[in-house]
Amino acid sequence: MHITGYDYIFYSPICHKKFLKRFRKQIRKNIWYDYLEQYHYDKQEDQIITYFQKDQAMDLFSDHHGYALNTEGEGPFAIFTSKHRTHEVQSIAHDLKTTVDGIEFDDEALCQTVYICHKIYRYTLVLPADINTDSFSKLIHQCAFKSLTKS
């Protein structure tokens, strides 16, 4: 099988229950008022997979094409969530721009940065196209981002 879809990963302290409630609201408001949703919770792994489709026709389309855009420029998408006790990210960045507690920092020099987060959730958003070239996928990405950043 050919692997399809474009993955975008978010890390957030917002729990999956709160995120999914917000995300569903964003989908109804900005994408599809009515849609099909397949939800699977793995209690042992504390993971959730939620798959979104516009209708049965899109469900059939995805059976043959995976995560892809149909002739209307829309496609199925999914969100995979998992909870982590501790997550550490190390990076070396140049011209790193970051916002901490509402204050923006602009580091001109090359610097090593370590982020250590506790009780964090990982969200993997799988979209039918690249957000840099497709407005439908970009809109879904914006809905997920807004669901993780709004107060």
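Numbering of residues begins at 1 and proceeds along the displayed sequence.
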Exercise. To the nearest 0.5 Å, what is the distance between CZ (F61) and CG (L69)?
Worked result: 7.5 Å
Exercise. With a 6.0 Å cut-off on ring centres, are Y67 and Y51 close enough?
Worked result: yes
Exercise. About how many Å separate NZ of K25 and NZ of K146, when rounded to the nearest 0.5 Å?
Worked result: 10.5 Å
For this session: Give the ring-plane orientation class for H141 versus F145, where under 30° counts as parallel, over 60° as perpendicular and anything between as tilted.
Result: parallel
Exercise. Would the number of heavy atoms belonging to other residues, nucleotides or ligands and lying under 6.0 Å from OH of Y39 be above 12?
Worked result: yes
For this session: Could you grab the distance from atom SG of C143 to atom CZ of F77, nearest 0.5 Å is fine?
Result: 7.5 Å
Seminar exercise, completed: Rounded to the nearest 0.5 angstrom, the CD1-CD distance for I27 and E37 is 7.0 Å
Exercise. When rounded to the nearest 0.5 angstrom, what is the spacing between OG1 in T81 and CD1 in I49?
Worked result: 8.5 Å
Problem set entry | Centroid-centroid distance, F10 to F19, less than 6.0 Å | no
Exercise. Got a second to check how far F80's CZ is from H40's NE2, nearest 0.5 Å?
Worked result: 10.5 Å
For this session: For the pair R28 and Y33, evaluate side-chain hydrogen bond (donor to acceptor under 3.5 Å, both in side chains) and give the outcome as yes or no after the intermediate values.
Result: CA-CA 4 Å; R28 280 191 299 276; Y33 185 76; 5.9 Å; no
Exercise. What pair of heavy atoms forms the shortest contact from D55 to L36, and how long is it?
Worked result: C-CD1, 3.3 Å
Exercise. Got a sec: does the OH of Y8 have more than 12 other heavy atoms crowding it under 6.0 Å?
Worked result: yes
Exercise. Any side-chain heavy atom of H64 sitting closer than 4.5 Å to one from L60?
Worked result: yes
